[in-house]
Amino acid sequence: MIAGACFDSASRRQHSTAVDTAAAELFAASSAAALICHLTGVLCFLSFGVLGTHAVRVWCDNAAAVMVTKDATSIKRLAYIARRIRFMQELQVRGVISILDVDGKANPADALTKHVGPKALFQTYMANMYNTTSTVFK
């Protein structure tokens with residue numbers, strides 16, 4: 001998000017099949033981190049170093065994925081995606097990204113990735129994502 005509004009969002013099938021949910025979240029977060037590297041470089045260039053210099057917050061609703069990106073000793077069971085984990089750890093140390101945990105019920109990205117039951121809940125998710133009121137989506 002930039003200036004409180006959604007800048008980029010996507011929902012697409014992953015290129016690999018994950019064995020567990022933590023691996024799927026890590027794969028998605030590392031893909032987002034790669035895009036963030038590019039976007040922060042562009043923002044830094046276009047704004048003459050004003051924008052794109054602070055860590056970008058990456059919210060993840062999987063506590064195991066957040067823990068793994070902060071602790072290098074806990075990737076034994078996720079060795080098949082170790083390069084992606086190390087990539088995210090490096091970006092976090094360099095201050096490019098900051099991985100944070102978000103409650104699954106408060107994650108607006110779920111509107112793009114999961115079946116959201118009541119229409120009112122979907123409208124609330126979309127309103128949070130686009131920084132507006134839910135009446136816009138009626």
Side-chain angles (χ1 to χ4, degrees):
M1 299 181 89
I2 294 179
C6 182
F7 179 74
D8 186 30
S9 64
S11 178
R12 64 182 76 116
R13 199 171 92 188
Q14 291 182 349
H15 296 290
S16 70
T17 303
V19 179
D20 56 5
T21 57
E25 292 284 342
L26 284 165
F27 191 91
S30 67
S31 298
L35 181 63
I36 287 169
C37 286
H38 174 69
L39 291 178
T40 54
V42 170
L43 282 175
C44 190
F45 174 75
L46 292 177
S47 67
F48 300 102
V50 176
L51 300 174
T53 56
H54 299 294
V56 176
R57 292 175 292 185
V58 177
W59 297 95
C60 185
D61 63 356
N62 188 291
V66 174
M67 182 192 69
V68 162
T69 59
K70 296 180 181 186
D71 183 16
T73 61
S74 59
I75 63 170
K76 290 179 183 175
R77 295 186 67 206
L78 299 169
Y80 60 97
I81 57 168
R83 283 184 288 171
R84 289 183 175 274
I85 294 170
R86 297 281 188 219
F87 172 66
M88 291 177 52
Q89 289 171 344
E90 179 186 340
L91 291 180
Q92 195 154 310
V93 168
R94 286 181 24 210
V96 176
I97 63 171
S98 174
I99 305 290
L100 302 169
D101 193 18
V102 64
D103 183 39
K105 303 281 185 201
N107 188 2
D110 284 351
L112 300 174
T113 59
K114 296 182 177 117
H115 173 71
V116 180
K119 186 176 180 180
L121 181 60
F122 177 77
Q123 291 170 342
T124 303
Y125 277 156
M126 295 306 288
N128 287 339
M129 190 179 298
Y130 289 101
N131 197 25
T132 186
T133 62
S134 59
T135 58
V136 173
F137 298 100
K138 288 188 177 183

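Numbers for residues simply follow the sequence, beginning at 1.
In terms of heavy-atom proximity, Cys60 sits nearest to Ala65 at SG-CB, 3.8 Å. Residues Gln92 and Thr69 come closest through the heavy atom pair OE1-OG1, 4.1 Å. Minimum heavy-atom separation, Phe87 to Ala33: CE2-CB, 4.0 Å.
Put simply, CD1 on Ile85 and CD1 on Ile81 are 4.5 Å apart, with the number rounded to the nearest 0.5 Å. We find the CE-CD1 distance between Met88 and Ile36 to be 9.0 Å, quoted to the nearest 0.5 Å. Considering CD of Gln89 and OG of Ser30, their distance stands at 12.0 Å, rounded to 0.5 Å. Here the CG-CG distance, from Asp101 to Asp61, works out to 8.0 Å after rounding to the nearest 0.5 Å.
Every side-chain hydrogen bond (donor to acceptor under 3.5 Å, both in side chains) that Thr21 has, sequence neighbours left out, goes to Asn62.
In this structure, Phe45 belongs to a hydrophobic cluster whose other members, linked by side-chain heavy atoms under 4.5 Å apart, are Val42, Leu46.
In this structure the side chain of Leu100 reaches within 4.5 angstrom of the side chain of Ser98, judged on heavy atoms.
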Pair Ile99-Leu91, side-chain contact (heavy atoms from CB on, under 4.5 Å): steps then yes or no: CA-CA 10 Å; Ile99 305 290; Leu91 291 180; over 6 Å; no
